[in-house]
Number of protein chains: 2
Amino acid sequence: MLQKADLDAIDWKILRELQEDGRMTNVELSRRVGISAPPCLRRVRRLEETGIIRGYRALLNAPALGMDVVAFCLIGLKHQSETELKVFADLTRGWPIVRGAWMVSGESDFLLHCVASDLATFQSFVIEALTSTPNVDTVRTALTIRKVKDEGLVEIPA
Amino acid sequence: MLQKADLDAIDWKILRELQEDGRMTNVELSRRVGISAPPCLRRVRRLEETGIIRGYRALLNAPALGMDVVAFCLIGLKHQSETELKVFADLTRGWPIVRGAWMVSGESDFLLHCVASDLATFQSFVIEALTSTPNVDTVRTALTIRKVKDEGLVEIPA
DNA sequence: CTAGGGCGCGAAAGAATCTTGCGCACGGAA
DNA sequence: TTCCGTGCGCAAGATTCTTTCGCGCCCTAG
């Protein structure tokens, strides 16, 4: 697998540009990173094939689409055996309100990033889905008031 | 501003496809949503101009880029005046380790999504940046063990 | 009922981009 | 020095993008 060490300065520039604007044309990208289009496209393909670029996504405006509630849920389970963890992980994948989920260490076992159209829908989810799951012990929710920062996952050194 | 109600079934299909693959060519997109390319491109442009599509982003593989630590921090402040909240929000924007940040209600005031190259770097950040900030009262961290689910922000009805 | 306007689609053509093949330069190893 | 691998840039054909234009549909006012 391609590793960090195999990337040169141009690769990092490519990653930075595509993380900021994933739809940039290859011509524009090549101009910005200082090489011609063909080798630039070859580098992008290599980054995609080796999995360093996992994919591309349009970022949607949740409120404009009628999704007024964004919240995080911290879930504590009663039993944390590998089997039980996997069961809950699979459950999260089946809940459309859950847009992102991580297994975490600390006071909780899972952290869920949730989006819902309104508070009633979110509360129903918490009560009917989360709380009702047998192995769920604690549910702490944090409703987001405003998004403060939202950048790509990886900091690209200048 | 364009609202949810102004979107028809084809617009929703476009949003779903671009949320899954933001680099899809317009020809392929138009084929998938069942219209020809020109009106499809007009719809995409309209969704971009009205802010329903906020942008596009390449999704990077953090571990492959040497970012082995992904964590969330729940921050409680001593004082929550609008001024103090804004001060802390601005601070988060200046910390490269913080990739996403939300102001939240509940037991904490902010939730930070952090990515660092190693545990030592992350711990230094917590101690030297977070804990050292005068108005910071409590810092609870949750190190992620594995990512369970990572989809687009908005569920697109089928 | 009918005429007119607005809206969105599809076809076509020119412009831009993508993609491939090829030759060349540079750098390390025998 | 010579050979070889790597990566660049150039150029050409294929694909895609983008604009323009005309058509049909629906809604509404007369």
Side-chain angles (χ1 to χ4, degrees), chain A residues 1-61 63-66 152 154 156-158, chain B residues 1-61 63-66 152 154 156-158:
Chain A
M1 166 139 179
L2 197 60
Q3 289 297 322
K4 176 187 179 185
D6 298 322
L7 305 181
D8 63 13
I10 294 180
D11 289 317
W12 284 102
K13 283 186 186 175
I14 289 174
L15 293 177
R16 180 171 59 233
E17 295 295 337
L18 288 182
Q19 191 172 227
E20 271 193 27
D21 178 6
R23 273 216 123 173
M24 187 181 299
T25 68
N26 183 60
V27 170
E28 171 68 10
L29 179 63
S30 66
R31 196 189 59 74
R32 294 199 182 199
V33 304
I35 60 177
S36 65
C40 184
L41 187 60
R42 282 194 289 265
R43 283 167 180 267
V44 173
R45 291 282 179 272
R46 190 176 66 125
L47 292 168
E48 290 170 354
E49 285 162 11
T50 56
I52 286 193
I53 295 179
R54 290 166 36 228
Y56 302 89
R57 181 170 292 168
L59 306 179
L60 303 187
N61 184 335
L65 291 171
V154 179
I156 308 293
Chain B
M1 169 145 178
L2 196 61
Q3 289 296 323
K4 176 187 177 184
D6 298 322
L7 304 181
D8 63 12
I10 293 180
D11 289 318
W12 285 103
K13 283 186 187 176
I14 289 174
L15 293 177
R16 181 171 58 232
E17 296 295 338
L18 288 182
Q19 191 172 230
E20 272 193 26
D21 178 7
R23 269 212 110 145
M24 187 182 300
T25 68
N26 184 61
V27 171
E28 172 67 11
L29 178 63
S30 65
R31 196 189 59 74
R32 293 201 183 197
V33 304
I35 62 178
S36 67
C40 183
L41 188 59
R42 280 193 291 266
R43 284 167 180 267
V44 173
R45 291 281 178 273
R46 190 176 65 125
L47 292 168
E48 290 170 354
E49 285 162 12
T50 56
I52 287 193
I53 294 179
R54 290 165 37 227
Y56 301 89
R57 182 170 290 168
L59 307 178
L60 304 186
N61 184 335
L65 292 171
V154 179
I156 309 293

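Basis for what follows: all heavy atoms, side chains included, without hydrogens, waters or symmetry-related copies. Quick note on labels: first sequence line is chain A, next is B, and so on, each numbered from 1.
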Nearest-angstrom distance from the residue atom CG of B:Leu41 to P of C:dC9: 12 Å
Along DNA chain C (nearest heavy atom to each residue), the more 5'-positioned of A:Met24 and B:Arg43: B:Arg43
Sugar-phosphate, base or nothing in reach of B:Thr25, heavy atoms under 4.0 Å: sugar-phosphate
Lys/Arg N to Asp/Glu carboxylate O, A:Glu28 vs A:Arg32, below 4.0 Å: yes
Partner of B:Leu15 by side chain to side chain contact (heavy atoms under 4.5 Å, CB included), out of B:Ile53, B:Val154, B:Ile10, B:Val33: B:Ile53
Atom pair distance, as rounded to whole Å: CG in A:Asn26 and P in D:dC17: 14 Å
NZ/NE/NH1/NH2 to OD/OE distance under 4.0 Å, A:Arg46 and A:Glu49: no
Distance below 4.0 Å between B:Arg46 side-chain N/O and C:dG8 OP1 or OP2: no
B:Arg45 side-chain N/O to D:dT18 phosphate OP1/OP2 under 4.0 Å: yes
Residue mapping more 5' on DNA chain D - nearest nucleotide basis, A:Arg23 or A:Pro38: A:Pro38
Out of C:dC18, C:dG10, D:dC17, whichever nucleotide has its closest atom nearest the side chain of B:Arg42: C:dG10
Nearest-angstrom distance from the residue atom CG of A:Asp11 to P of D:dT6: 15 Å
Value in whole Å for how far the C1' atom of D:dT16 lies from CD of B:Glu28: 12 Å
Derivation of the side-chain contact (heavy atoms from CB on, under 4.5 Å) call for B:Asn61 and A:Thr50: CA-CA 10 Å; B:Asn61 184 335; A:Thr50 56; over 6 Å; no
Rounded distance in Å - CD1 (B:Ile35) to P (C:dA11): 12 Å
Atom-pair distance (CG on A:Leu7; P on D:dT6), nearest Å: 17 Å
